[in-house]
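Each remark here refers to the structure printed beneath this line.
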Amino acid sequence: MSGKPRLTYLNGRGRMESIRWLLAAAGVEFEEVYLETKEQYDKLIKDGFLLFQQVPLVEIDGMKMVQTRAIMSYIAGKYNLHGKDLKERALIDMYVEGISDLMQMILMFPFSPPEAKEKNLESIKERATNRYFPVFEKILKQHGQDFLVGNKFSWADVQLMEAILAVEEKVPAVLSGFPQLQVFKTKMSNMPTIKKFLQPGSPRKPPPDAHYVETVLKIFKK
């Protein structure tokens with residue numbers, strides 16, 4: 001087996017996409033195994049690979065890790081993206097939690113019934129523009145630095161960049177009132193590892209489509 005982390009999930013974004021983002025931003029190559037049937041998923045559970053019977057599953061450094069936040073915290077710590085001390089780490093974790101609340105709405109959006117899609121899209125727009133993005137706009141403006149914490153690239157910057165692009169796919173003009181975030185997005189996009197991840201042919205997944213939703217429902221049905 002190669003030394004590369006091995007990611008097991010569906011061939012789509014879901015909860016694994018933030019992990020892909022973080023590994024890519026850290027310049028780490030990884031392998032992927034895609035679940036396509038319920039039988040594959042059930043076998044992982046039967047073989048004891050999934051501690052809480054859930055994916056994502058990341059095999060790294062001899063561990064079989066589950067739980068998205070734990071996986072990302074480990075990667076951030078391993079690749080020095082988790083702040084220089086406990087206070088910076090607390091800020092990074094706090095920002096990541098906030099961004100995750102917004103990302104949860106985006107994750108669930110493709111599974112909205114057709115009649116709820118418009119309302120849910122409006123909720124994403126409202127939360128992004130009134131609750132979450134103003135926080136990060138203010139942070140960047142107040143300290144006048146390129147990154148959210150300690151003027152050093154961290155896990156929080158990666159998460160925010162992912163969230164900005166995910167919201168922009170649904171609300172293209174969402175950053176129009178956030179000049180600091182516009183600058184942040186440009187700087188992040190030009191970081192070599194992120195620039196590479198944003199190119200066609202990278203491990204970044206496209207927005208979820210009907211086939212992805214159907215596959216998720218088929219594999220995880222009780």
Side-chain angles (χ1 to χ4, degrees), residues 13 15 17-28 67-109 120-199 202 204 207:
R13 286 186 185 174
R15 297 192 184 281
E17 191 69 358
S18 292
I19 297 168
R20 295 184 188 108
W21 261 93
L22 191 54
L23 285 167
V28 180
Q67 298 299 319
T68 310
R69 196 62 47 80
I71 294 165
M72 294 184 70
S73 185
Y74 181 79
I75 293 166
K78 180 177 170 75
Y79 295 104
N80 198 24
L81 297 171
H82 216 164
K84 72 175 188 299
D85 57 30
L86 206 51
K87 284 189 176 178
E88 284 195 358
R89 184 170 179 161
L91 279 176
I92 289 166
D93 286 347
M94 193 163 67
Y95 297 161
V96 164
E97 289 283 345
I99 298 162
S100 298
D101 291 343
L102 176 59
M103 288 301 291
Q104 179 64 18
M105 298 174 73
I106 293 165
L107 274 175
M108 296 315 297
F109 180 77
N120 291 349
L121 183 59
E122 197 53 44
S123 291
I124 290 170
K125 181 182 176 182
E126 192 275 327
R127 290 282 179 89
T129 52
N130 295 329
R131 183 182 296 190
Y132 295 106
F133 287 175
V135 170
F136 299 108
E137 179 76 8
K138 186 178 176 185
I139 289 163
L140 291 166
K141 187 173 183 179
Q142 281 181 339
H143 65 37
Q145 295 171 338
D146 292 348
F147 304 112
L148 290 171
V149 178
N151 204 25
K152 185 170 181 293
F153 185 49
S154 80
W155 176 22
D157 298 306
V158 182
Q159 290 278 272
L160 179 56
M161 182 63 180
E162 182 192 1
I164 286 171
L165 296 185
V167 176
E168 277 188 331
E169 284 174 351
K170 295 179 170 35
V171 189
V174 73
L175 290 190
S176 58
F178 301 104
Q180 301 290 334
L181 289 181
Q182 291 174 34
V183 171
F184 173 85
K185 177 192 161 188
T186 301
K187 283 179 179 165
M188 288 294 111
S189 301
N190 285 314
M191 286 189 65
T193 54
I194 290 180
K195 190 172 186 175
K196 185 179 176 186
F197 189 61
L198 295 176
Q199 298 303 312
S202 85
R204 187 180 180 218

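The structure presented is a predicted model; accordingly, all values stated were derived computationally and were not measured.
Scanning all heavy atoms of the two residues, the minimum distance from Ala24 to Phe197 falls at CB-CD1, 3.4 Å. Scanning all heavy atoms of the two residues, the minimum distance from Met188 to Phe153 falls at SD-CE1, 3.9 Å. Closest non-hydrogen pair, Arg69 versus Ser100, comes out as NH2-OG, 3.1 Å. Here the closest heavy-atom approach between residue Ile99 and residue Ala163 is recorded as CG2-CB, 3.6 Å. Between Ala128 and Val174, the shortest heavy-atom contact is CB-CG2, 4.3 Å. Between Leu81 and Ala26, the shortest heavy-atom contact is CD1-CB, 4.1 Å.
Every residue was checked against the side chain to side chain donor-acceptor pair (under 3.5 Å) condition with Gln180, not counting sequence neighbours, and none meets it.
At least one side-chain heavy atom of Leu22 sits under 4.5 Å from a side-chain heavy atom of Trp155. Counting heavy atoms from C-beta outward, Val167 and Tyr132 have side chains that stay 4.5 Å or more apart. No side-chain heavy atom of Ser154 sits less than 4.5 Å from a side-chain heavy atom of Glu88. Inter-residue side-chain proximity for Asp157 and Lys152 is flagged as unmet; no heavy-atom pair is nearer than 4.5 Å. Contact check for Gln199 versus Arg204: no side-chain heavy atoms found under the 4.5 Å cut-off. Annotation: side chain of Leu181 is in contact with side chain of Phe136 (closest heavy-atom distance under 4.5 Å). A 4.5 Å side-chain heavy-atom check between Ile164 and Leu160 finds at least one atom pair inside the cut-off. Glu137 places a side-chain heavy atom less than 4.5 Å from the side chain of Pro179.
Atom CG of Leu102 is separated from atom CZ of Arg127 by 9.0 Å, given to the nearest 0.5 angstrom. Between the CE atom in Met105 and the NZ atom in Lys125 there is a gap of 13.5 Å [rounded to 0.5 Å]. Taking OH of Tyr95 as the start and CD1 of Ile92 as the end, the distance is 9.5 Å to the nearest 0.5 Å. Annotation: the span from Phe147 atom CZ to Met191 atom CE amounts to 5.0 Å, rounded to 0.5 Å. Note that the CD atom of Gln142 and the CG atom of Leu140 stand 10.0 Å from one another [nearest 0.5 Å].
Gln182 contributes a side-chain N or O that, together with a main-chain N or O of Leu175, makes up a donor-acceptor pair within less than 3.5 Å.
Here the rule is side-chain contact (heavy atoms from CB on, under 4.5 Å) with Ile106, and of Met103, Met108, Gln104 only Met103 fits it.
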Full working for side chain to side chain contact (heavy atoms under 4.5 Å, CB included) between Ser18 and Gln159: CA-CA 7 Å; Ser18 292; Gln159 290 278 272; 3.4 Å; yes
Side chain to side chain contact (heavy atoms under 4.5 Å, CB included) evaluation trace for Leu23 with Ile19: CA-CA 6 Å; Leu23 285 167; Ile19 297 168; 4.1 Å; yes
Test log, rule side chain to side chain contact (heavy atoms under 4.5 Å, CB included), inputs Leu198 and Met161: CA-CA 11 Å; Leu198 295 176; Met161 182 63 180; 4.3 Å; yes
Test side chain to side chain contact (heavy atoms under 4.5 Å, CB included) applied to Leu107 and Arg13, step by step: CA-CA 8 Å; Leu107 274 175; Arg13 286 186 185 174; 5.7 Å; no
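The stretch residues 177-193 participates, sequence neighbours left out, in these salt bridge (charged side-chain N to carboxylate O under 4.0 Å, His left out) pairs: Asp146-Lys187, Glu168-Lys185.
With 3.5 Å as the limit, one finds no donor-acceptor pair spanning the side chains of Arg15 and Gln67.
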